[in-house]
Protein chains: 2
Amino acid sequence: MALDHAILVSLLEKPGSGYELARRFERSIGYFWTATHQQIYRVLKRMEGDGLLAVRDVPQQGRPDKKEYSVAGPGRAALSRWLHEPIEPESLRHDLAVKIRGAAFDDPAALVREVERHRQVHSDRLAHYLAGEARDFTGPGAPDALDTGQELQHVVLRGGIAYERMSLAWLDDVLATLHRIAATPPPAA
Amino acid sequence: MALDHAILVSLLEKPGSGYELARRFERSIGYFWTATHQQIYRVLKRMEGDGLLAVRDVPQQGRPDKKEYSVAGPGRAALSRWLHEPIEPESLRHDLAVKIRGAAFDDPAALVREVERHRQVHSDRLAHYLAGEARDFTGPGAPDALDTGQELQHVVLRGGIAYERMSLAWLDDVLATLHRIAATPPPAA
DNA sequence: CTTGTCTATGCAACGAGTTGCATAGCAGGA
DNA sequence: TCCTGCTATGCAACTCGTTGCATAGACAAG
C-alpha cells in the first residue's frame with residue numbers, strides 16, 4: 001500500500017486534485033512510483049472515507065470543477081507511523097534482463113534495436129532530470145540555501161540521475177556484448 | 001505476463017520442478033524478477049494446460065516425487081514471439097525514495113537507521129554477485145571461452161553488480177545529506 | 001458545426017501478485 | 001517421542017494494478 005503513502009507525501013508537498021496528482025505521477029513522483037488516474041481516484045476516495053484526507057470543492061471558470069484534497073491530521077499520523085516502520089528493500093522486475101537471457105535461445109542480434117530503444121529512453125530521462133536539477137537546485141535561478149524538503153528532493157533526484165547514468169553504461173555494455181557475439185563465429189561443434 | 005517468459009527462459013536453461021524454480025527465483029533469476037511458489041505453481045499449471053510446457057513425473061528416494069517441467073515446442077515459439085516484440089522500459093517502484101521525501105514532514109534523523117539497513121542489504125547482494133561472477137566467469141576455475149548463453153548471463157550479472165554499486169553510492173549520499181540536515185540548525189524563521 | 005483536445009471524474013471487469021493455510025513424507029536433534 | 005525443518009505441491013481469499021469504457025464542459029481548428 002505504498003501508493004497511499006506516496007499520495008500523502010505528494011499532498012503534503014502541495015494539495016491538489018486527483019487529476020493533478022495523476023499528472024505529478026507522470027512527472028516528478030512518477031520517477032520512483034507509477035500510478036494511473038483510476039488507481040489514484042480510487043485510493044483518494046478510500047482515504048477520504050477513512051478520514052486521512054480532507055476534500056474541498058473548488059469551482060473553476062473555463063474548466064470543470066475539481067476536488068482539492070489535502071492531508072488531514074490522521075493522514076499525517078498514518079504517514080509518520082509508516083516512516084517509522086522498516087520496509088523491504090525493493091525487488092526488481094526487469095523485463096529486459098529476462099529478454100537478454102532469453103536471447104540465448106533465439107537470435108541475439110535481433111535484440112540490438114530493442115536495447116537501443118531502451119537506451120534512448122534512459123538518455124531522455126537523464127536529460128530531463130538534469131534539466132530539472134539545474135532549474136531547481138544547481139542552476140543560476142536556484143535558491144542559495146535549500147530547506148530540508150528541498151535537500152531531500154534533491155538527493156532523491158540525484159538517485160534518479162545516478163540510476164539513469166548506470167543504466168546507460170550498462171546498456172552500452174549489453175550492446176558491446178551483443179556485437180561481440182555476432183562477430184564471433186559459432187564454434188564448429 | 002513476463003513471469004511466463006521468465007519461467008520459459010529458466011526452464012530452457014535447465015528443466016526443473018516448481019519447487020526448484022521457486023528456489024531459482026530466490027537466487028539468480030530472482031535478482032531481476034521475483035515470484036512466490038504459489039504464483040509459480042499456478043502459472044506452470046496454466047502453461048502446461050496451454051501446451052507450452054511438458055511435464056514428467058520423477059520419483060525420488062528419500063523425498064517426495066516431483067514434476068519436472070520442460071519447454072515444449074509451442075512454448076519456445078511463444079518465447080520467440082515475445083522476444084521480437086518491443087517492451088516498455090521498466091517503471092520503478094522505490095518505496096525508500098517515497099520515505100525520504102516524506103521525511104521532510106517528520107524527523108529526517110529517524111531515517112538514518114533505515115537507510116543504513118538498506119545499505120547493508122545492497123552491500124550483501126553486491127558481495128554475493130561478485131562471488132558468483134568470480135565462480136562462473138572471471139575466477140580461476142571459470143571457462144576460458146564463454147558460449148553465447150554464458151556471455152548473456154554474464155552481462156546481466158554485470159548489470160546487477162552495477163546496480164548494487166550505484167545503490168551503495170547513492171545511499172551514502174543520502175546518509176551524508178541526512179547528517180548535513182541534522183547538523184544544520186533550522187533557520188530562525 | 002463537427003471533430004479533436006484538454007481538464008476532470010468515475011465504473012466495471014479483469015489479471016497479477018500476496019498472504020494464510022493445508023498436506024505429506026522423510027530426516028535429525030532434544 | 002515430539003518437535004523442527006526440508007522437500008514438494010496446492011487451494012482460497014484478498015489486495016493491488018491495468019484496461020476499456022463513459023461522461024461532460026470548454027476551447028480551438030477545420
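The sequence lines fix the lettering, A, B, ..., with proteins before strands; numbering per chain opens at 1.
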Separation of D:dG17 atom C1' from B:Gln39 atom CD, nearest Å, is 13 Å

When rounded to whole Å, the CD to P distance for the pair B:Gln60 and D:dC6 reads 17 Å

Separation of D:dG17 atom P from B:Glu88 atom CD, nearest Å, is 18 Å

To the nearest 10 degrees, the angle between the two end axes of the helix from C:dC1-D:dG30 to C:dA30-D:dT1 (five pairs per end) comes to 10°

Side-chain contact check for A:Pro64: nearest option of D:dA24, C:dT18, C:dT9 is D:dA24

* Donor-acceptor pair under 3.5 Å, A:Arg42 side chain vs D:dT18 base -> yes

Fill in: Full working for salt bridge (Lys or Arg N to Asp or Glu O under 4.0 Å) between A:Arg93 and B:Glu90
CA-CA 7 Å; A:Arg93 295 267 160 120; B:Glu90 357 66 80; over 6 Å; no

Checklist entry - Parallel, tilted or perpendicular: which fits the ring planes of A:Tyr31 and A:Tyr129, with parallel below 30° and perpendicular above 60°? => result tilted

Is a donor on one side and an acceptor on the other found under 3.5 Å between the side chain of A:Trp170 and the backbone of B:Val155?
yes

Of the listed D:dG10, D:dG17, D:dT7, the closest approach to the B:Tyr41 side chain comes from D:dG10

How is A:Gln38 classified with respect to the nucleic acid when contacts are heavy atoms under 4.0 Å: base, sugar-phosphate, or nothing? base

Separation of D:dG17 atom C1' from A:Ile7 atom CD1, nearest Å, is 13 Å

Over 60° means perpendicular and under 30° means parallel, so classify the ring planes of B:Phe137 and B:His154, tilted if in between.
parallel

To the nearest angstrom, the CE-P distance between B:Met47 and C:dA16 comes to 12 Å

Picking from C:dG10, D:dG10, C:dT18, the nucleotide nearest the side-chain atoms of A:His37 would be C:dG10

Quiz item: OP1 or OP2 of C:dG10 sitting under 4.0 Å from any side-chain N/O of A:Lys67?
Solution: yes

Atom CG of B:Asp65 and atom P of D:dT9 are separated, to the nearest Å, by 9 Å

| request: In plain terms, say whether A:Glu20 and A:Lys66 are close enough for a salt bridge, that is, a side-chain N and a carboxylate O under 4.0 Å apart. | output: yes

- Task: Please check the phosphate of C:dT9 (OP1 and OP2 only) for any side-chain N or O of A:Ser17 closer than 4.0 Å.
- Result: yes

Sorted by position of nearest nucleotide on DNA chain D, 5' first, the leading residue of A:Leu3 and B:Glu20 is B:Glu20

Need one value for B:Thr34: base, sugar-phosphate or nothing, where a base atom within 4.0 Å counts as base even if backbone is also close, heavy atoms only. nothing

Between CZ of B:Arg63 and P of D:dC6 the distance, given in whole Å, is 12 Å

So CG of A:Leu96 and CG of A:Leu171: to nearest 0.5 Å the spacing works out to 6.5 Å

Atom CZ of B:Arg46 and atom P of D:dG10 are separated, to the nearest Å, by 15 Å

Measuring to OP1 and OP2 of C:dT7, would you say a side-chain N or O of A:Tyr19 lies under 4.0 angstrom away?
yes

Of D:dG17, D:dT9, C:dT18, the nucleotide closest to the side chain of B:Lys66 is D:dT9

CE of A:Met166 to CD1 of B:Ile161, rounded to nearest 0.5 Å, is 12.0 Å

Of the listed C:dT9, D:dG25, D:dT7, the closest approach to the B:Arg23 side chain comes from D:dT7

Hey, is the side chain of B:Arg93 poking within less than 4.0 Å of OP1 or OP2 on D:dG17, counting only N and O atoms? yes

- Query: Does a salt bridge link B:Glu116 with B:Arg119, judged by any charged N lying under 4.0 Å from a carboxylate O?
  - Reply: no

